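The structure under discussion appears below in the form of structure tokens.
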Amino acid sequence: MRKPEIEIRTSRLAKGISLEQLSIWTDIPAKDLLLIENGFRKAQNRHLFLLATILNIPHKELNVDLGIVEQELQHLSESKKRRTSAEIKQETPPSAMIIGPYFPLDETPDCTLHNENDVLSIQAFENACQSFNFLGVGTAQQQEVALPPSFIILDTDIADECYRGTAQTLHSLERLKKVPVFLSSDKKPESFRSASENTNVIGHIRRPGSEQERNSQLFGLLSSVERLQIYL
């Protein structure tokens, strides 16, 4: 049996295929193909599998291990997913999901806020039902969100709904388990802290009285959440 590198070079030349053409078809740099053909570089199994397929060489002639090929392709797929996720994370600004009258909806549409250091995207919902519809809760297909919100603000005065049950439902969703939930209210935190036990909320905040106060509060929460994620 001839060496794999000899099989590759002989088959390529017999078919009149240049290194440049083979490089385009296999996505292997021509200089690497040259090293492989001359026995100076060992090709990965997935590359050998591809070369054998294109050059019509029996896989066993190139000592291709199909099990290792599958492992290499799986590893490549997972690495690509991780890179894609990292790229999405870099390109997508942090977001806040607001449920209820934390701030008047007509003054808080879905928008993007900016300050000197951060960008924050806001998704506002009048009530929990709207947010659940958006997330696909209780439906056959839940919406796949590339990135969950950085934090959720849940107001205690959502009409005809129980904020405690809403907080528990949010926490029950796998992709939201680690998303901090803050309760907002006009009351002092001490007056409704006991009522919010077992809701898995992180903290309690007062509703802002102005747009400037709202923006400062949101960016303050974002900053605290970024530090908090270390412990979640």
Side-chain angles (χ1 to χ4, degrees), residues 74-75 77-103 105 108 110-113 118-185 187 189-190 192-208 214 217-232:
Q74 179 66 25
H75 178 72
S77 176
E78 291 173 355
S79 298
K80 185 177 180 180
K81 287 180 181 178
R82 286 195 295 269
R83 289 196 302 271
T84 301
S85 177
E87 290 169 358
I88 291 174
K89 190 170 184 179
Q90 289 178 350
E91 295 175 359
T92 306
S95 63
M97 178 180 288
I98 298 175
I99 304 173
Y102 163 76
F103 201 77
L105 285 181
T108 313
D110 292 349
C111 63
T112 302
L113 304 179
D118 295 299
V119 177
L120 181 64
S121 175
I122 296 177
Q123 291 176 313
F125 300 93
E126 186 175 352
N127 51 49
C129 184
Q130 288 182 357
S131 68
F132 291 160
N133 287 338
F134 172 78
L135 293 168
V137 177
T139 62
Q141 291 184 336
Q142 294 188 2
Q143 176 167 324
E144 290 296 329
V145 181
L147 286 175
S150 298
F151 61 91
I152 297 172
I153 293 179
L154 173 62
D155 199 89
T156 58
D157 291 338
I158 43 179
D160 302 319
E161 294 175 338
C162 173
Y163 66 85
R164 287 186 288 273
T166 299
Q168 291 169 349
T169 301
L170 291 170
H171 186 73
S172 71
L173 299 177
E174 185 63 33
R175 62 189 181 280
L176 296 182
K177 280 188 180 299
K178 293 187 177 183
V179 177
V181 177
F182 298 89
L183 288 181
S184 66
S185 174
K187 302 175 183 178
E190 293 78 9
F192 66 89
R193 182 174 286 114
S194 60
S196 63
E197 292 180 355
N198 302 320
T199 58
N200 299 301
V201 299
I202 296 297
H204 308 76
I205 57 176
R206 293 289 300 273
R207 290 192 200 117
R214 176 205 65 181
Q217 190 175 72
L218 289 176
F219 281 114
L221 289 174
L222 177 62
S223 177
S224 65
V225 162
E226 289 175 346
R227 294 192 294 271
L228 184 64
Q229 290 293 347
I230 300 174
Y231 305 99
L232 293 179

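Source: prediction; values computed, not measured.
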- Message: So does Ser131 get a backbone contact from the side chain of Gln123, meaning a donor-acceptor N/O pair under 3.5 Å?
- Response: no
- When every non-hydrogen atom of Thr166 is compared with those of Phe132, the smallest separation belongs to CG2-CZ, 3.9 Å
- Distance from Thr169 atom OG1 to Leu176 atom CG, nearest 0.5 Å? 11.0 Å
- Message: Once rounded to the nearest 0.5 Å, what's the spacing between atom CD1 of Ile205 and atom CG of Leu154?
- Response: 10.0 Å
- Query: Counting distance only, does the side-chain N/O of Ser223 pair as donor-acceptor with the main-chain N or O of Gly220 below 3.5 Å?
  - Reply: no
- Task: Tell me, with the steps shown, if Leu222 and Asp118 meet side-chain contact (heavy atoms from CB on, under 4.5 Å).
- Result: CA-CA 9 Å; Leu222 177 62; Asp118 295 299; 4.1 Å; yes
- Rounded to the nearest 0.5 Å, how far does CE of Met97 lie from CG of Leu170? 7.5 Å
- Check: Ile122 and Thr112 side chains under 4.5 Å, non-hydrogen atoms: no
- Query: Got a second to check how far Leu120's CG is from Leu221's CG, nearest 0.5 Å?
  - Reply: 9.5 Å
- In Å, rounded to the nearest 0.5 Å, how long is the span from CZ of Arg206 to OG of Ser184? 11.0 Å
- Message: I'd like to check Ile153 versus Phe103 (side-chain heavy atoms, cut-off strictly below 4.5 Å). Are they in contact?
- Response: no
- Note on the structure: Interatomic distance, CZ@Arg214 vs CG@Leu113, rounded to 0.5 Å, equals 5.0 Å
- Query: Could Arg207 and Tyr102 be counted as a cation-pi pair, given that NZ or CZ must be under 6.0 Å from the ring centre and within 45° of the axis?
  - Reply: no
